[in-house]
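All remarks here apply to the structure that follows.
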Amino acid sequence: MTETVDSDRDPVDRDPVDRYDVHATESRWLAEWERLGLYRAGGEDDPRPRKYILDMFSYPSGDLHMGHAEAYSIGDVGARYWMMRGYNVMHPVGFDSFGLPAENAAIKRGLDPVAWTYANIETQSAAYRKFAVSFDWSRRLATSDPDYYRWTQWLFLRFFERGLAYRKASPVNWCPDDQTVLANEQVVAGRCERCHAVVTKRNLTQWYFRITDYADRLLDDMVELEGTWSDQVLTMQRNWIGRSVGAEVDFVIEGHDAPVTVFTTRPDTLFGATFFVVAVDSDLAATLAAGGEHEAAYLAYRDQVAAISEVERLATDRPKTGIFLGRYAVNPVNGERMPVWAADYVLADYGTGAIMAVPAHDQRDLDFARAFDLPVRVVINTAVGDASAVEAGTALGGDGTLVNSGGYDGLAKDEAIERITADLAAKGAGKKAINFRLRDWLISRQRYWGAPIPIVHCATCGEVAVPDDELPVRLPDSTTVDLAPKGISPLATAAAWLHVPCPKCGGDAQRDSDTMDTFVDSSWYFLRYCSPSYEDGPFDPAAVRRWMPVAEYTGGREHAILHLLYSRFFMKVLFDLGLVGCEEPFAALYNQGMVVMAGSKMSKSRGNLVNLGDELAAHGVDAVRVTMLFAGPPEEDIDWADVSPTGASKWLARVWRLAGEIGAAAEVDEAEDPPLRRTTHATIAEVTRLVESHRFNVAIARLMELTNALRKSVDAGHLGAPSVNEAIAALTTMLAVFAPYTAEECWARLGHEPSVHQQSWPVHDPALSTAQTVTCVVQVNGKLRDRVDVAPDVDEATLQELALATEGAQRAIAGAAVRTVVVRPPKLVNIVLG
RNA sequence: GCGCGCUUGGUGGAAUGGGAGACACGCCGGCUUUAGGUGCCGGUGCCUUCGGGCGUGGGGGUUCGAGUCCCCCAGCGCGCACCA
């Protein structure tokens, strides 16, 4: 018998039941594991098959919370399982450590962002260790390390060289609270994704990544992810990219030099176009209105629209507004003159910011036509309705045949689209086109705590890349910078840092004073992990080829179209640069649910925060982990009010007591318990399958059943039997992935040397897991009437005979005629009466 | 509005088209304990004349057999949302 944990127990406590002291266990094994140096990924020569298990890294905002506990419990099971299965597993840890909270802490509380961030990193690192996450600590990185952001900048310059990073002036999303611009992906329903302030628009010159160049590949390559990523995330990415197939059509505007192009998915409805609309906030609208008699009215309308918030503007049930610009566009298919209007229902940044309006077949156009009494012409005969429906205000969508469309009458939709597009192309007035909803990724941020953009602006040379050998462009000391939000980057206030000679001509020049979006940092961290101290590039290409793609990626659903889309984009660019060997970074993605409290998201303002530290102090790490994993399927939310850490504690203590009793007993062959052997081997088979399919709640239920079976067996006098020893060994080994401390403690109580975490996952013997008899269900007319125990290989005829003879079947048949008997050996017989 | 998903005891949840409610929580009873508990054992869907009847949001269908597959409806949740 090995040491017990109750050495510090009160000697006057005469309690006959051993008490499992979780906290003493934790401190003992935490130190021992450090000494053993577990969980380090194998090197280049390691012959084991590799598996890259990754958890989304955390932002070091403070200590870990309940959400972290859930996410890392889930990711850790996979990592530990594959290690025990003999894989060379890389399970790295790092910190997404640039970002606003550090800067806001600096502004509010006068702290140095560097000190604040790195203190939090140490706090979180200690918490991860305590929580027993099987991380390879030798690979730890932080995106705010100069050794890391040097390569973020290096990658930016490769993008810049290829024209994938560029600057343009454009109306951009502006968060008035955070005093910085935001990417489209960071605006949720018109509000800032982070602070929920209502976003406004500003015209600014900013840096963009040309993600739209990769729209097709980002969309098409999703077929590779089908089945290993959730449909929900794939759908969200598809919708976000938003590919529409149609045509571009050129309209001549009378008195305007260049024709105006519109995008439409329905060129077959061209003959139904009765007016033309340009986005009120587009340059085109201003140009068309300029100098005309309607200019004043246009400007007034534009100001009126500008005053409405983005949130209000997004409300779809708003009445349509607009203004006539006094101009006419000419329909290229029939030469008709159509009035040109400006309206806010047409978006400046989608398509060309101008549309042909076909009110009979587009609800928005119809609403507009009815508001301003514009003509409506039905040009498609559809099954869904007719002119009277249009009259009543319902546009006719769907397929049909063309009418009122000149020589195209009678054609079906698809053929009409084909012909009309081809005819336009022949006239030089249009062509087939594909349009995306995806916009280029705006990466400039007017904040201090991020990777500086490694560009120098020179009056003579323009935008000049900082030479690679001068990277990193380090952040100036925060004390030399005015961090207060003022709409321009704090870096612009660090005069000594800002002014540098132009790398090209040596003349006076200025550094770009913006920093990069932190999503740039996190778009390649999984590559840096492969060779975290590599000095000749962002990563060692050979190491990346060995480890990538990530086999299992665990993280929250909130990144469905942010981090996950950006990372996929980066990977494709790096593939094109020849730096990586695969185009998709994450072979499988698991989205864990959230931890909520009493039905709602935990928050300070709701007063329903559950403090992880308190839970750990009350129940211990293992009980909290098991509670998270046992609560339900990992992808579902956990309501902490509905679950029971007490239940988990009880189970772990049961296993601990069993291990103590069994470990203390001498092995005796005569007390064998064959049914327990079967349970053990059946459990191994099932838990293996369940862990691989991420059904941890059911896997734990099976281990609880094995525990119960083992308790019964020991109580029935089988203590010392090989079957009992085998069962506790299997249970302890499998428990290691869910409750690492308790498993290690049990392993020691069984008399083994540490560590259980270096043991192999148990292997089930099919010969032992097969039962000698199975219970066959006897149904009459589909209703359960009796059961009969039979051999697993019973034949149909025998089984039918046995079933018909059962008391329950006879009572239910009660002399009635048997029409047919469905026999499914060995589990079921259904007797159908006539 | 469009798209997707979900709906099973008091609760969280199990169930390759074949025994509904595994495993837990909670509750009830018993045992052990000076007492308490994170100990041990048993019970726990509803009804019952103890034969059985009913039961997976509601309605219909397919099938020898449906929680599971199909159709309709309701409720809840999520995503997108004037994307031409």
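By convention in this document, chain letters (A, B, ...) are assigned in the order of the sequence lines, proteins followed by strands, and residues within each chain are numbered from 1.
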Q.
Between B:G18 and B:U68, how many Å separate the two P atoms, rounded to a whole number?
A. 11 Å
Taken to the nearest whole Å, CZ/A:Phe630 to C1'/B:G13 is 8 Å
A:Leu828 has its side chain closest, among B:C82, B:G18, B:A14, to B:G18
Review point. Is A:Arg785 near enough to B:G53 that one of its side-chain N or O atoms lies under 4.0 angstrom from OP1 or OP2?
Key: yes
Students often mix this up, so state it plainly: with edges at 30° and 60°, are the rings of A:Tyr20 and A:Trp656 parallel, tilted or perpendicular?
parallel
| task | Sticking with atom C1', work out how far B:G3 lies from B:C54, rounded to a whole angstrom. | result | 38 Å
Q: For nucleotides B:G58 and B:G12, find the distance between their C1' atoms and express it as a whole number of Å.
A: 25 Å
Exercise. Where does the angle between the aromatic ring planes of A:Phe368 and A:Trp341 fall among parallel (under 30°), tilted (30 to 60°) and perpendicular (over 60°)?
Worked result: perpendicular
Please report the distance separating the P of B:G55 from the corresponding atom of B:G9, rounded so that it comes out in whole Å. 14 Å
Closest of B:A22, B:G13, B:C80 to the A:Arg437 side chain is B:C80
Please tell me if A:Asn708 has a side-chain N or O lying less than 4.0 Å from either OP1 or OP2 of B:C23.
no
For B:C25 and A:Lys650 - does any side-chain N or O of the residue sit under 4.0 Å from the phosphate oxygens OP1/OP2?
yes
> B:C70 and B:C50: how far apart are their C1' atoms, nearest whole angstrom?
Replying inline: 39 Å
Ranking B:G19, B:A84, B:C25 by distance to the side chain of A:Ser644, first place goes to B:C25
Atom CZ of A:Arg370 and atom C1' of B:C82 are separated, to the nearest Å, by 17 Å
Whole-Å distance, A:Lys712 NZ to B:C23 P, equals 9 Å
query = When you check the gap from the basic side-chain N to the acidic O, do A:Glu26 and A:Arg625 get nearer than 4.0 Å?
reply = no
On RNA chain B, more 5' by nearest nucleotide between A:Gly353 and A:Gln779 is A:Gln779
Quick note, A:Asp715 side chain, CB onward, closest among B:A84, B:C41, B:C23 is B:C41
Value for CZ (A:Arg819) from CG (A:Leu833), rounded to nearest 0.5 Å, stands at 9.0 Å
*Parallel under 30°, tilted from 30 to 60°, perpendicular over 60°: which one fits the rings of A:His559 and A:His563?*
perpendicular
Here the distance between atom C1' of B:C23 and atom CE of A:Met704, to the nearest Å, is 7 Å
**Asked** Does any N or O donor sit under 3.5 Å from an N or O acceptor when you compare the side chain of A:Asn239 with the base of B:C80?
**Response** no
Rounded to whole Å, the CD-C1' distance (A:Glu70 to B:G12) equals 13 Å
Among B:G12, B:G53, B:G19, the one nearest any side-chain atom of A:Val643 is B:G12
Next item on the list: Classify the nucleic acid contact of A:Gly351 as base, sugar-phosphate or nothing, counting any heavy atom under 4.0 Å across all strands shown.
Entry: nothing
When rounded to whole Å, the CD to P distance for the pair A:Glu635 and B:G13 reads 11 Å
Checking B:G13, B:C78, B:G39 against the side chain of A:Arg657 (C-beta onward), the nearest is B:G39
field: Any A:Thr646 side-chain nitrogen or oxygen under 4.0 Å from OP1 or OP2 of B:C25
entry: no
Against the side chain of A:Arg19, the closest entry in B:G18, B:G36, B:C40 is B:G36
- What interatomic distance, in whole Å, is found between C1' of B:A84 and the corresponding atom of B:C6? 33 Å
When rounded to whole Å, the CG to C1' distance for the pair A:Asp639 and B:G26 reads 15 Å
- prompt: Looking only at side-chain N and O atoms, does A:Arg811 come under 4.0 Å of OP1 or OP2 in B:G52?
  reply: yes
Distance test, side-chain N/O of A:Arg824 to OP1/OP2 of B:G17, below 4.0 Å:
no
Between B:G3 and A:Arg238, is there an OP1 or OP2 to side-chain N/O distance shorter than 4.0 Å? no
Distance, P atom - from B:G10 to B:G57, rounded to whole angstrom
13 Å
Out of B:A84, B:C41, B:A81, minimum distance to the side chain of A:Thr265 belongs to B:A84
From the candidates B:G51, B:A81, B:A22, the one with an atom nearest any side-chain atom of A:Arg702 is B:A22
Closest of B:C41, B:G19, B:C80 to the A:Lys827 side chain is B:G19
Check A:Glu745 with A:Arg749, please: is the shortest side-chain N to carboxylate O separation under 4.0 Å? no
Please examine the side chains of A:Met628 and A:Trp640, heavy atoms only from C-beta on, and report whether any two atoms are closer than 4.5 Å.
-> yes
**Between B:A20 and B:G30 - P atom distance, rounded Å** = 33 Å
